[in-house]
Amino acid sequence: ERKCDTSPVTEADKKAELLIRDGLAKSFPDDAILGEEFPDKAGTTGFRWIVDPIDGTKSFIHGVPLFGTLIGVEFESECVVGVARFPALDEVVYAARGSGAWWQIGNHPARQVRVSSVTSLSEATFCMTNPSRWIAMGKRDQLEALMTSVQLARGWGDCYGHMLVATGRAEVMIDPAMNAWDAAALLPILQEAGGHFIDWKGSSTIYGGNGISIVPALKDEVLRRLQG
């Protein structure tokens, strides 16, 4: 089906979120929940679970395996836990504040990950979502400038692109349109991996309406180019 903003939603999106909400209601009945598909649930503990049952629904409906399930946890409005699970790839990336970022593939042991040490945009891999959003925002020139400045530009978008940065396989992932449920899991993962998750103004927030996952050495330069 199509939502009011024309974005797609499937039965899998809805039923996955209901399954997660049911599990949370049983294990953490007094915590708040914010999800993409259903109304907010208030809580009393200071904890809020932020759920995106399928991030990358367009990939999902086209049979592209780069979609994921995102679950973030806020405590007193601060993001403290993030989990990004990619069921079609059998991968998971997760982090908790102060505990590092971890990446597990299949049944192999999880290993701690860090962002890459690339310091030059000319050596970077840049990931993005739909270029038409950039054009609609009047950012065509900035997109083209970034694409021609990096070593490699690819459309490995949505949450998988952000996790490529967290696991050291890319250096920049820029998304021009994000909701809190798209971002809540990403911020603690990127921070614990030694990188940044920021909005286009440079703030570490999940409420900026957009997002950038990036290695520290490239943050200022990419922000300048975006705002140019």
Side-chain angles (χ1 to χ4, degrees), residues 20 24 34 47-56 59 65-119 123-129 152 154 156-175 178-199 202-208 210-220 222-223:
I20 293 167
L24 293 175
L34 169 66
F47 285 97
R48 181 165 74 154
W49 298 75
I50 304 179
V51 178
D52 189 346
I54 301 180
D55 185 85
S59 292
L66 304 184
F67 60 90
T69 295
L70 302 179
I71 300 178
V73 181
E74 283 183 330
F75 179 66
E76 302 293 353
S77 301
E78 296 289 332
C79 293
V80 294
V81 171
V83 180
R85 168 72 177 162
F86 302 93
L89 301 175
D90 202 11
E91 293 186 30
V92 61
V93 185
Y94 57 92
R97 179 172 291 179
S99 299
W102 299 82
W103 179 26
Q104 184 174 17
I105 303 174
N107 293 321
H108 297 285
R111 62 184 181 91
Q112 192 167 4
V113 290
R114 300 285 294 178
V115 297
S116 88
S117 57
V118 166
T119 59
E123 298 175 359
T125 294
F126 163 43
C127 301
M128 75 200 84
T129 51
L152 180 65
R154 285 290 184 269
W156 295 322
D158 301 311
C159 55
Y160 197 71
H162 293 277
M163 291 304 99
L164 288 176
V165 178
T167 54
R169 294 176 285 170
E171 285 70 45
V172 185
M173 166 67 191
I174 303 179
D175 197 324
M178 300 188 81
N179 294 294
W181 49 76
D182 301 311
L186 309 182
L187 189 150
I189 292 173
L190 265 298
Q191 289 182 341
E192 289 297 315
H196 299 286
F197 179 84
I198 54 178
D199 67 9
S203 300
S204 296
T205 178
I206 65 173
Y207 300 107
N210 47 50
I212 306 170
S213 291
I214 195 163
V215 299
L218 302 182
K219 178 171 75 79
D220 292 341
V222 167
L223 284 172

Which atom names give the shortest non-hydrogen contact between [X] and [Y], and what distance separates them?
{"X": "C127", "Y": "L164", "answer": "SG-CD1, 4.0 Å"}
{"X": "E171", "Y": "S116", "answer": "OE2-OG, 2.7 Å"}
{"X": "W181", "Y": "I50", "answer": "CA-CG2, 3.5 Å"}
{"X": "F67", "Y": "P87", "answer": "CE1-CG, 3.6 Å"}
{"X": "I206", "Y": "E74", "answer": "CD1-OE2, 3.7 Å"}
{"X": "I198", "Y": "S204", "answer": "CG2-OG, 3.8 Å"}

Please confirm whether the backbone N or O of [Y] pairs with a side-chain atom of [X], one donor and one acceptor, at under 3.5 Å?
{"X": "E91", "Y": "I105", "result": "no"}
{"X": "T167", "Y": "M163", "result": "yes"}
{"X": "R97", "Y": "C79", "result": "yes"}
{"X": "D55", "Y": "L70", "result": "no"}

Heavy-atom side-chain contact between [X] and [Y] under 4.5 Å:
{"X": "F86", "Y": "C159", "value": "yes"}
{"X": "L66", "Y": "D158", "value": "no"}
{"X": "W103", "Y": "R169", "value": "yes"}
{"X": "E192", "Y": "L187", "value": "no"}

Are I212 and L223 close enough, and set up right, to give a side-chain contact (heavy atoms from CB on, under 4.5 Å), and what steps lead you there?
CA-CA 9 Å; I212 306 170; L223 284 172; 3.9 Å; yes
From [X] [atom1] over to [Y] [atom2], what is the distance, rounded to the nearest 0.5 angstrom?
{"X": "Q191", "Y": "L186", "atom1": "CD", "atom2": "CG", "value": "11.0 Å"}
{"X": "D175", "Y": "T129", "atom1": "CG", "atom2": "OG1", "value": "4.0 Å"}
{"X": "I189", "Y": "H162", "atom1": "CD1", "atom2": "NE2", "value": "11.0 Å"}
{"X": "I214", "Y": "F197", "atom1": "CD1", "atom2": "CZ", "value": "12.0 Å"}
{"X": "M173", "Y": "F126", "atom1": "CE", "atom2": "CZ", "value": "8.5 Å"}
{"X": "T125", "Y": "R154", "atom1": "OG1", "atom2": "CZ", "value": "9.0 Å"}

With T69 as reference, evaluate I20, V83, V92 under the side chain to side chain contact (heavy atoms under 4.5 Å, CB included) test and give the passing residue.
I20
Do the ring planes of F75 and F47 sit parallel (below 30°), tilted (30 to 60°) or perpendicular (above 60°)?
tilted
